[in-house]
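Just below is one structure, and these are the notes that go with it.
FYI, side chains are in, hydrogens and waters are out, and symmetry mates aren't considered; it's all heavy atoms of this structure. Whatever order the structure lists them in is the order used to number ligands and atoms, beginning at 1. Note that the structure is predicted; figures quoted are calculated from it, not measured. The chain is numbered in sequence order, starting from 1.
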Amino acid sequence: MTSLDDLPIRDDLRGQSPYGAPQKPVRIALNVNENTHPIPEVVVAHVTAAVEHALRTVNRYPDREFTTLREHLATYLGEGVEREQVWAANGSNEVIQQLLQAFGGPGRRVLGFPPTYSMHSIIASSTGTEWVTAERDDEFRLSPATAVAAVERLDPDIVFLCTPNNPTGTPIGLDTIEAVCAVARGIVIVDEAYAEFLPEGEPSALSLLPGRPRLVVSRTMSKAFAFAGARLGYLAADPAVVDALRLVRLPYHLSALTQAAAVAALQHAPLMLETVDAIRAQRDRLVVELAALGYAPHASGANFVLFGGVDDPQATFQYLLEHDILIRDIGLPGHLRVTAGTPEETTEFLEVLGRMNR
Ligand SMILES: *Cc1c(COP(=O)(O)O)cnc(C)c1O
């Protein structure tokens, strides 16, 4: 049997682990922060019709510039964002990979603030970019002073700011993002995958884009927008950043079917986001009820809750799995992360967890 070690793989990939959130067939999957509500039937019907229409010309390559989709994404984002400032790919993971291909690479350094989204360091590694880290403040917060000190000390080519942060749920203030942009000589990527779950009216880093050509805000249709399976992530930035990404993207990377599906879904944006309030309520309920069960949940601005006070995370994960409930062990000692699902899913998770012998 050939093993990976027998192959002439790149030296810097030896011993690395792939992204590996377990994908198990369970009744209640609260492990990868999807919107667990199915999309409305009227959207299913419209997306189906749009994909069917796109199939009639699928013998041809798709629009390489996905102009219509970018137009719709710009409208969805608002904040004065123009089509020329928008770029998209198969999930925001691919958007981030293209950013690191263009602005990172061998001899360059990317700064992150763990615990944070595991794909940031994995994409750093796969693009040959050095991953360097700095500490957060108490309760996983990131103050302007702490972030600026890290940027000045480590002088990165790229900085990742994830807000609300996965897996902690902690938002980062615009003051910190502004301060980092002011001192960083490189690209500042604000990963706003969970932006729609922030309190109503909370400003996004999109509002900081004017006059900051090295600031990039990445978003996704995978979380609040309930479109994870379609694979559509996007960013807003200066049009010059988009020009840089054209140098590294593969031609026609967004299929005609993906483009058609995403455009159709975006035309129902308010309906697609109708479950966000209900999910926020379940998130807040998780924080209250996990504390009542004796755990130590962290405040969250996203659609998941990180909770501490878990004596044996692996055993708790396993116990829940035996009851057909999948959550996430993110490898943080004493902690587990759970996605806010439907009221019924949340109830069952809390009841099963409450019955566990500990
Ligand atoms: C889930 C997630 C993403 C989204 O990935 P997609 O490739 O768009 O599905 C990006 N960033 C963070 C922090 C996430 O948690």
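The 4.0 Å heavy-atom shell around ligand 1 contains residues G91, S92, N93, Y117, C162, N166, D191, A193, Y194, T220, S222, K223, R231, ordered by chain and number.
Side-chain N/O atoms of E139 and H298 include a donor and acceptor closer than 3.5 Å. In this model, no donor atom of one side chain and acceptor atom of the other lie less than 3.5 Å apart for N165 and T170. With 3.5 Å as the limit, one finds a donor-acceptor pair spanning the side chains of E345 and T36. No side-chain N or O of E344 forms a donor-acceptor pair with one of T347 less than 3.5 Å apart.
For the pair R136 and F140, the NZ or CZ position fails the cation-pi test of under 6.0 Å to the six-membered ring centre and within 45 degrees of the ring normal.
In this structure, Y194 has its ring center closer than 6.0 angstrom to the ring center of F304.
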